[in-house]
Student: 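Structure in structure tokens, see below.
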Amino acid sequence: MTESAAPHGTTRTLPPRSANGSASAAPAAPQRRRLSTQISSIRTGLIASVAALIVVLIFIIQNAHTVNISLLGVHLQLPLAVAMLLAVIAGALLMAAAGTARITQLRRLLRRAAGTAPASHGNLVFEVARSAAV
């Protein structure tokens with residue numbers, strides 16, 4: 001089978017045939033990248049929050065029996081779930097306080113180092129990080 005040549009002045013719309021007679025594959029369409037927007041992030045956070053709330057509610061319902069708690073001479077009777085949730089909240093507050101203290105310490109070091117030596121910001125951060133690594 002021979003191909004007929006296109007008339008003079010016209011163009012071919014098909015790609016040329018390869019040596020074995022098959023046409024070359026068409027290029028793949030570019031894949032669209034999904035953009036993450038603030039609304040989609042908020043929606044994802046809300047879905048995760050609702051799922052966590054459901055898990056906490058199930059935990060509270062399943063652990064409704066009361067327990068005796070004694071701490072520093074104070075005696076309480078609380079549902080087990082409430083006692084555990086209070087313990088988690090207290091632990092989170094302690095960790096937040098420790099993190100805040102460390103950040104405040106690093107900021108003081110940064111301010112002190114910034115006031116004593118006219119260094120570039122990158123060198124200053126490196127020096128503070130090096131001196132804070134105790």
Student: Verify the cluster assignment for Val74 and Val67: are they in a single hydrophobic cluster under the rule of side-chain heavy atoms below 4.5 Å apart?
Tutor: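 In one cluster: yes.
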Student: Hey, could you give me the CD/CG distance between Gln77 and Asn68, rounded to the nearest 0.5 Å?
Tutor: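 Atom-to-atom, Gln77:CD and Asn68:CG are 4.5 Å apart.
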Student: Against Val82, only a single residue in Leu86, Leu85, Leu80 fulfils side-chain contact (heavy atoms from CB on, under 4.5 Å); can you say which?
Tutor: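 Of Leu86, Leu85, Leu80, side-chain contact (heavy atoms from CB on, under 4.5 Å) with Val82 is met by Leu86 alone.
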Student: Do you see a donor-acceptor pair shorter than 3.5 Å between the side chains of Gln105 and Arg102?
Tutor: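 Checked: Gln105/Arg102 side chains pair up, N/O donor to acceptor below 3.5 Å.
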Student: Considering non-hydrogen atoms only, spot the tightest contact between Ala64 and Pro79 and give its length.
Tutor: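 That closest heavy-atom pairing would be O-CB, 3.9 Å.
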Student: Kindly work out whether a path of hydrophobic side-chain contacts (I/L/V/M/F/W/Y, heavy atoms less than 4.5 Å apart) joins Ile39 to Leu46.
Tutor: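 Not linked; separate clusters.
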Student: How many angstroms lie between CD1 in Ile69 and CG in Leu78, if you round to the nearest 0.5 Å?
Tutor: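 The distance works out to 4.5 Å.
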Student: How many angstroms lie between CZ in Arg111 and CG in Leu109, if you round to the nearest 0.5 Å?
Tutor: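 Rounded to the nearest 0.5 Å, the CZ-CG separation comes to 10.5 Å.
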Student: Using residues 48-61 as the side-chain source, report each donor-acceptor pair under 3.5 Å to any protein atom, sequence neighbours left out, with the distance given to one decimal.
Tutor:
unit_1: Ser49; atom_1: OG; unit_2: Gly45; atom_2: O; d: 2.8

Student: Nearest 0.5 Å, what's the CZ-CG distance between Arg108 and Leu106?
Tutor: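 If we round to the nearest 0.5 Å, Arg108:CZ and Leu106:CG are 11.0 Å apart.
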Student: What's the separation between atom CG in Leu110 and atom CD1 in Ile103, rounded to the nearest 0.5 Å?
Tutor: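 So the gap between those two atoms works out to 12.5 Å.
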